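Remember, predicted model here, so these are calculated numbers, not experimental data. The basis for the numbers below is simple: all heavy atoms, side chains too, and nothing from hydrogens, waters or symmetry mates. Numbers here are sequence positions counted from 1.
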Amino acid sequence: MPHRVIRLEETTSTNQYLRGYRPEEGEAMIVVVAANQTAGRGCGSNSWESERGKNLLLSILTHPVMVPIAHQFMLSMAGALAVKGTLDKYVEGITLKWPNDVYWQDKKICGTLIETSIGGGHIKDCIFGIGINVNQQRFVSDAPNPISLCQIIGHEVDLDSLLKELLEAFTTYYKMLENGRYNDISALYHDALYRGHGFFPYRDADGEFEGAIVEVEDNGRLIMRDRAGMIREYMFKEVEFII
């Protein structure tokens, strides 16, 4: 997919930059990459720690009018699969943690943040924010389990090469969305799920329990089954993974 890359030395957040961006006619995909973010965000009120110039911080603006609103979590699935496909070239064991994190074993290597705008009954714009821990060696925030690609493989990775590979992967999965291959994307996403098989500890408003993931619906709802066989359904922030 033709795209324009805007490089910034510093910004509050790449998602915020794109929220104020007015694309020119014919610009199908805009990519903003920053060496440093002063107010990088994760899901909800979470912040994102990143040492200047060490990690891959970017946001991608697209116009996925072909994706029905009821299936908008497909955008998250496709973007997460693009990150996984890129990191798979460097290390084994990359998984996708519902709803918006990328994991290596039990540690977080990447966070994503999707923001969509709706107009005329369609998804008008989608900003897919990605923060990949690449070359950072030391984390000082109170984030419980960060890890970088460099820490895993023992050497630094060229950020420009990684960006190129990520955008190629993103284009591949975005074309799958354009072609309506939702079942294929969902199947790949479920195959890549963190804790996709077996019972693990979780916590919800009623307390701790052990559950197994049944599926993630196209709207993002997580369906689980507990040890008693009861089906539990959660939207974002309604259940916590105990790691």
Side-chain angles (χ1 to χ4, degrees), residues 41-46 48 64 67-88 91-116 118 123 126 128-133 142-147 152 169 173 176-177 180-243:
R41 291 197 300 121
C43 186
S45 60
N46 295 342
W48 181 259
V67 178
I69 294 175
H71 296 269
Q72 62 180 308
F73 193 72
M74 282 287 168
L75 294 163
S76 183
M77 290 183 181
L81 285 166
V83 174
K84 172 178 164 55
T86 303
L87 295 176
D88 281 345
V91 63
E92 296 180 351
I94 298 294
T95 57
L96 306 179
K97 177 177 172 287
W98 180 90
N100 61 345
D101 291 332
V102 182
Y103 266 44
W104 177 77
Q105 297 184 3
D106 288 325
K107 294 183 178 294
K108 181 176 176 177
I109 190 171
C110 172
T112 65
L113 177 63
I114 280 198
E115 298 177 283
T116 56
I118 309 298
I123 300 174
C126 176
F128 196 97
I130 301 171
I132 304 177
N133 298 328
D142 58 0
N145 59 344
I147 197 167
I152 299 169
Y173 286 102
M176 290 176 68
L177 288 175
R181 294 175 59 188
Y182 301 149
N183 289 340
D184 292 338
I185 290 174
S186 180
L188 290 168
Y189 178 84
H190 281 84
D191 284 345
L193 267 179
Y194 174 72
R195 293 187 173 178
H197 302 283
F199 285 86
F200 295 90
Y202 298 89
R203 182 183 297 111
D204 65 10
D206 296 322
E208 296 185 6
F209 67 99
E210 286 195 341
I213 294 175
V214 177
E215 68 170 325
V216 177
E217 296 181 338
D218 292 353
N219 65 357
R221 182 181 288 108
L222 177 66
I223 310 298
M224 304 187 73
R225 183 179 66 254
D226 63 22
R227 288 283 191 184
M230 185 177 75
I231 295 297
R232 299 171 178 241
E233 301 182 0
Y234 301 101
M235 291 303 290
F236 312 135
K237 293 292 185 179
E238 292 181 350
V239 65
E240 177 187 354
F241 288 61
I242 300 176
I243 300 172

ring-ring contact (aromatic ring centres under 6.0 Å, His included) partners for Y103, two or more places apart: Y194
For F199, enumerate each residue passing the ring-ring contact (aromatic ring centres under 6.0 Å, His included) test, keeping only those at least two apart in sequence or located in another chain. none
Apply side-chain hydrogen bond (donor to acceptor under 3.5 Å, both in side chains) to S186 and list each qualifying residue two or more places apart in sequence or on a separate chain. H190
Y234 meets the ring-ring contact (aromatic ring centres under 6.0 Å, His included) criterion, sequence neighbours left out, with none
Please identify each residue that fulfils salt bridge (charged side-chain N to carboxylate O under 4.0 Å, His left out) with D226, with sequence neighbours left out. R232
Who pairs with R203 by side-chain hydrogen bond (donor to acceptor under 3.5 Å, both in side chains), at least two apart in sequence or on another chain? E208, E240
Identify, with sequence neighbours excluded, every residue that meets side-chain hydrogen bond (donor to acceptor under 3.5 Å, both in side chains) alongside E210. R227
Can you list the residues that meet the side chain to side chain contact (heavy atoms under 4.5 Å, CB included) rule with V91, with sequence neighbours excluded? I94, W104, L149, I152, I153
Quick test of your reading: applying salt bridge (charged side-chain N to carboxylate O under 4.0 Å, His left out), list the pairs with at least one residue in residues 71-85, sequence neighbours left out, ordered by first then second residue. K84-D88
Please list, chain by chain and in numerical order, all residues satisfying salt bridge (charged side-chain N to carboxylate O under 4.0 Å, His left out) with D184, sequence neighbours excluded. R181
Applying salt bridge (charged side-chain N to carboxylate O under 4.0 Å, His left out) to E217 and not counting sequence neighbours gives R221
What residues form a side chain to side chain contact (heavy atoms under 4.5 Å, CB included) with L188, not counting sequence neighbours? L81, Y173, M176
